[in-house]
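Report on the following structure.
Note that ligands are numbered from 1 as they come in the structure, with each ligand's atoms numbered from 1 the same way.
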Amino acid sequence: MQKLIINGGTKLKGEVQISGSKNAVLPIAVAAAILGDSLSVLHNVPNLTDVKTLSAVLEGLGASITRKNESLYIEPINRMEYEAPYELVRQMRASIYVLGPLVAKLGKAKVSFPGGCAIGPRPVDLHIRGLEQLGADVDVKKGYIFAQADRLVGADMDLTGQHGPSVGATANVMMAATLADGTTVIRGAAREPHISDLAKFLTAMGADIEGIGTSVLTIRGVKQLHGTEHTVVSDDIEAGTFMVAGAITNGNVFVRGISQQQIPAISEKLTEAGVHLEWNDKGVWVTVPDQLKAIDVTTVPFPGFPTDMQAQIMGLMTLASGSSTITENVHTDRFIHAAELNRMGADIRLEGRKAIVNGVSYLSGAPVMASDLRAGAVLVVAGMAAVGETVVSRIYHIDRGYEAIETKLNNLGANIVRVKDND
Ligand code: UD1
């Protein structure tokens with residue numbers, strides 16, 4: 001295992017290039033490998049553990065995947081493998097994305113039932129419900145989801161769950177519906193930028209999808225999808241994380257490769273907190289002219305404030321003047337980072353789904369532990385603003401979703417070293 005040693009106190013300055021979106025490339029690679037019938041080439045693919053894990057899942061199903069620099073060359077599956085085993089699925093919940101495409105393409109699928117994780121229970125009932133509505137027989141036994149259908153048939157369905165739309169279920173069912181007989185209407189569809197990017201990719205493969213970017217997707221099934229070339233959209237959450245990193249260190253950072261339309265709520269909330277954002281067609285300059293102000297944030301599906309930025313905005317609010325309330329409405333147990341931030345001198349109190357953050361005048365470096373991907377990111381961000389040394393362990397969580405995080409931050413003037421963790 002590895003850890004990051006961060007010497008805090010430097011203001012970040014300069015320019016950082018945002019990588020391709022993790023949450024877009026995962027389902028896109030699945031579509032290319034399972035639904036396509038010829039080579040697809042994906043550009044702007046981030047070099048992340050999650051992409052490697054997914055590639056292993058897809059190679060296990062018979063696809064052939066080669067990386068050259070920032071591009072992935074995906075030759076689709078050419079034999080009848082339909083099982084995604086526990087060993088791989090347990091490493092990454094997004095492996096569930098193979099379920100719908102496998103049933104659509106091969107008529108059956110056997111995918112290990114994904115477990116819970118540090119951000120709380122993560123059910124897949126909506127994925128299953130959607131596929132059942134397309135006519136699949138779905139059975140859960142011995143830790144696996146078995147699904148089969150001679151032919152999927154289009155249906156009109158509402159995929160809204162108790163916490164709102166589901167990114168994963170929307171992607172899974174949309175992919176399956178592209179090869180179903182007839183028309184599928186998904187109401188209550190997720191609208192995140194990565195869902196739109198997947199829909200654009202499927203369209204380039206020959207799918208017929210209407211309503212991209214809205215909560216009603218209409219998918220007319222086609223007989224077959226071909227390989228295509230696609231540049232993955234930039235990562236909204238990586239961009240938001242670097243914007244917070246610039247702000248919390250009172251720096252002057254240009255975040256390149258992001259547009260305001262991709263992150264409307266993040267832009268709005270950072271501005272409300274006193275962060276100055278100057279947009280141009282390449283990205284955004286981030287500065288903080290005065291003291292940061294406390295704000296209230298509630299996480300909701302896109303276009304609202306994303307749950308994947310909740311930890312980072314909480315980190316920023318630890319140094320704002322006044323008291324902020326952060327309400328988590330998507331992954332309701334996602335607060336483990338609060339206790340770690342308190343170890344660094346923050347003043348955060350949890351009340352159910354709410355975190356009340358009273359701003360403090362400084363954070364102090366401390367040994368802390370990443371419990372999930374974004375919880376790890378906030379500890380790095382806080383460590384750069386803290387006085388003294390912060391040691392973040394279990395950084396394999398961070399490497400799942402941030403490409404070369406310490407290299408990018410060190411290029412902005414941070415002082416971060418990656419070392420082997422012998423604990
Ligand atoms: C995706 C993202 C993750 C992000 C989340 C919400 C990927 C690989 N991961 O996860 O980073 O935090 O969207 O933006 O893209 N739910 C159900 N039943 C289901 C599915 C979901 O009740 O069948 C609930 C979840 O528990 C959660 C909410 O719906 O409360 C939203 O989850 P969902 O959008 O599905 O998240 P993921 O696709 O797992």
At less than 4.0 angstrom from any non-hydrogen atom of V124, what atoms of ligand 1 do you find?
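Those of ligand 1 that fall under 4.0 Å from V124 are 19 (C), 23 (O).
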Pull out every atom of ligand 1 sitting under 4.0 Å from any heavy atom of H127, numbered as shown with elements.
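Per the distance check, 23 (O).
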Who's closest to atom 4 (C) of ligand 1 heavy-atom-wise, of T160, D333, T332, D308?
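Among T160, D333, T332, D308, the closest heavy atom to atom 4 (C) of ligand 1 comes from D308.
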With atom 20 (C) of ligand 1 as the reference point, say which of A24, P123, A190, A169 has the nearest heavy atom.
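Among A24, P123, A190, A169, the closest heavy atom to atom 20 (C) of ligand 1 belongs to P123.
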When only distance counts, is [X] in polar contact with ligand 1, meaning an N/O pair under 3.5 Å?
X	answer
Q162	no
G164	no
H194	no
L26	no
R93	no
G168	yes
K22	no

Ligand 1 contact by [X], heavy-atom criterion under 4.0 angstrom:
X	answer
H331	yes
M309	no
Y97	yes

Compare every heavy atom of M344 with every heavy atom of A366, then report the nearest pair and how far apart it is.
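Reported closest heavy-atom pair: CB-CG, 4.2 Å.
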Given H331, R334, H163, the one that forms side-chain hydrogen bond (donor to acceptor under 3.5 Å, both in side chains) with T307:
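By the side-chain hydrogen bond (donor to acceptor under 3.5 Å, both in side chains) criterion, T307 pairs with just one of H331, R334, H163: R334.
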Between H230 and F201, how do the two ring planes meet: parallel, tilted or perpendicular, split at 30° and 60°?
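Perpendicular: the ring planes of H230 and F201 meet at over 60°.
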